There are 2 protein chains.
Amino acid sequence: MINGTGPVKPETREKVMRVVEQEGFHPNRLGQKLRNSHSGMLLVMVSSIGNPFCALVVCGIESEAERRGYHIILCNSESSPQREAAYLKLLHERTVDGVITMDATTQIDALKEHIGHHPWVQCGEYKQGVAPFVSIDNYSAARAAVDHLIQSGKKRIAMISAREGYKYAQEREQGYLDSLAEAGLSWHKIVHVRNVMSFTDGASAYEALTSGDEPCDAIFGISDMLACGALNAAVKAGKAIPDQLAVVGFDGVPCSEITVPMMTTIQQPMLEMGNRSAGLLIDQIEGKLLTSHESELLLPWKLVPRDST
Amino acid sequence: MINGTGPVKPETREKVMRVVEQEGFHPNRLGQKLRNSHSGMLLVMVSSIGNPFCALVVCGIESEAERRGYHIILCNSESSPQREAAYLKLLHERTVDGVITMDATTQIDALKEHIGHHPWVQCGEYKQGVAPFVSIDNYSAARAAVDHLIQSGKKRIAMISAREGYKYAQEREQGYLDSLAEAGLSWHKIVHVRNVMSFTDGASAYEALTSGDEPCDAIFGISDMLACGALNAAVKAGKAIPDQLAVVGFDGVPCSEITVPMMTTIQQPMLEMGNRSAGLLIDQIEGKLLTSHESELLLPWKLVPRDST
DNA sequence: GTGAAAGCGCTAACAT
DNA sequence: ATGTTAGCGCTTTCAC
């Protein structure tokens with residue numbers, strides 16, 4: 001036995017010695033994987049790892065994956081359906097055991113088509129009933145952000161959102177509208193921009209929002225980048241922050257901390273979202289049965305009040 | 001033949017039909033890989049993908065890898081030698097065909113130990129003669145940054161650098177010192193901080209640099225993050241930028257664009273560094289013989305003058 | 001020009 | 001408690 005009882009010891013020792021002495025033995029994982037039909041790989045699909053939000057979720061994924069003995073293959077889909085399809089083939093070709101999608105730009109149904117019944121976790125953007133997911137309650141987070149602005153006395157609160165109809169964007173817009181309505185504020189305005197990750201789109205949105213005859217006195221950005229862009233444009237224009245214009249962002253990525261003044265934002269638990277996504281996926285792969293209660297996770301977010309409000 | 005000549009056609013057609021009809025055939029890559037002893041995987045080792053510089057280089061790596069039919073496995077080493085060693089085992093276990101290291105925090109020699117003769121490209125931080133590398137000429141880039149400051153009339157130019165003795169940091173420090181010396185400026189001061197990716201370390205460095213009786217009138221930061229932190233601290237303190245204090249960063253990551261005023265920086269060609277690293281690695285894997293001229297690349301950088309100088 | 005067979009390195013099941 | 005064998009799915013070689 002391996003724990004050294006019986007007369008086997010000398011031989012066991014000899015083997016161990018050989019291995020240690022030669023210092024040259026490494027099992028070929030390819031053979032192992034083929035035999036066990038288990039690749040030990042997770043596909044992580046993001047639109048671009050250059051997006052800090054994605055990068056931090058990926059950090060979380062990687063650490064949990066490593067803890068449980070898996071490695072991750074990274075796919076920058078660039079939101080291209082072709083690239084996505086190409087990478088998803090890895091599931092059928094048994095190169096990966098499962099996939100975590102974070103790519104908000106795609107149709108979930110199209111993904112489902114390619115993924116079939118392979119293990120899958122949706123992270124961030126999701127559709128209920130299609131596959132397990134890990135996200136936050138975007139609606140209530142948006143409400144908290146807007147309520148925070150309302151409580152500070154703002155009356156004309158605008159929003160910068162995404163042109164594409166992502167579910168998360170719709171939920172945040174709905175939260176925005178409902179909070180205004182509940183507070184009896186009839187003034188509302190949503191500017192839709194092309195690129196959620198662009199500072200300049202945020203700056204342009206600011207221009208659009210303040211050029212009219214009824215400029216807003218607060219902006220809720222659907223992402224920190226957008227909000228940063230708007231905030232900086234306002235600072236450049238000489239606006240007093242937060243008196244003349246208050247700004248709230250969304251995500252809690254590092255750039256929210258480097259504006260002057262520092263930006264209030266909704267902090268998403270990015271690392272934990274990554275951890276939990278990986279955990280859920282590996283559970284699926286390893287055949288653990290999960291209730292929908294265990295596999296449909298909305299993690300807590302946090303309003304981080306700073307100097308822009 | 002596959003191009004449809006001869007009497008084979010009907011059978012070929014039948015086969016193709018079957019495959020297409022069933023729509024269910026996907027070759028098992030595990031078998032393929034085992035047979036060909038070629039994993040088609042590249043290991044990409046970064047200290048953390050949360051670092052935007054790394055993330056953008058990884059984008060470049062991924063796109064070139066994909067173009068040439070490879071996939072990438074991501075390792076966040078967190079600069080831990082244990083984690084690095086664990087991931088490098090993938091080389092011996094034939095899970096990956098080669099590795100690109102971007103982790104400046106480690107001893108290159110320790111890496112060499114684990115990597116042995118496996119295909120390897122050093123990206124960013126490198127040691128000549130150990131393995132092919134892709135980087136920039138840090139010395140001349142630093143000189144350009146400091147010369148730019150000198151030309152704008154600054155006399156007391158300080159530098160924020162890394163506490164750890166990375167090669168790239170030493171080269172940039174040397175460039176800084178030589179430019180000052182050549183301009184006949186005897187005043188010099190280098191503050192060494194712990195974390196090159198930290199805004200707050202940049203801010204603290206600013207405090208240290210301006211609290212004395214001889215405050216500096218310009219700062220050269222070894223990274224954009226550090227320079228951002230210093231710039232923002234200066235703005236908060238009410239300094240006139242660039243008249244009272246000019247700032248130059250290094251890297252050209254997005255955060256350099258969102259300061260107010262926008263920050264002058266040295267732009268590294270991150271995407272291309274990634275592309276070339278992947279290309280070099282795949283060439284090695286595929287047995288292409290390269291001269292040192294082809295495999296030791298110092299790519300062009302660019303000084304991007306903006307409003308902080 | 002097509003089909004059968006061997007073997008990549010591993011592990012599970014079997015026989016000793 | 002050890003040794004042997006078969007087969008994971010593929011490709012390359014060899015015989016037809």
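These numbers were taken from a predicted model, which means no experiment stands behind them. Per chain, numbering begins at 1; letters A, B, ... match sequence-line order.
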Under 4.0 Å protein heavy-atom contact, by nucleotide of nucleotides 5-12 of chain C - B base, S sugar-phosphate only: --BBBBBS
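In this structure A:Phe53 satisfies the ring pair (Phe, Tyr, Trp, His ring centres under 6.0 Å) test with no other residue, sequence neighbours excluded. Here B:Phe250 pairs with nothing under the ring pair (Phe, Tyr, Trp, His ring centres under 6.0 Å) rule; sequence neighbours left out. Here B:His71 pairs with A:Tyr87 under the ring pair (Phe, Tyr, Trp, His ring centres under 6.0 Å) rule; sequence neighbours left out.
Looking at A:Glu286 and A:Arg68, a side-chain N of the basic residue comes within less than 4.0 Å of a carboxylate O on the acidic one, giving a salt bridge.
To the nearest angstrom, C1' of D:dG9 lies 15 Å from NZ of A:Lys33.
Within the structure, salt bridge (Lys or Arg N to Asp or Glu O under 4.0 Å) contacts touching residues 111-130 of chain B (residues at least two apart or in different chains) are B:Asp109-B:Lys127.
Considering every non-hydrogen atom in both B:Gly40 and B:Asp97, the closest pair reads N-OD2, 2.7 Å.
Between A:His92 and A:His114, the ring centre distance reaches or exceeds 6.0 Å.
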Nucleotide pairing, DNA chain D (Watson-Crick or G-U, distances under 3.5 Å), in dot-bracket with [ ] and |: .||||||||||||||.
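A:Asn28 and B:Arg94 share no donor-acceptor pair across their side chains, judged by distance under 3.5 Å alone.
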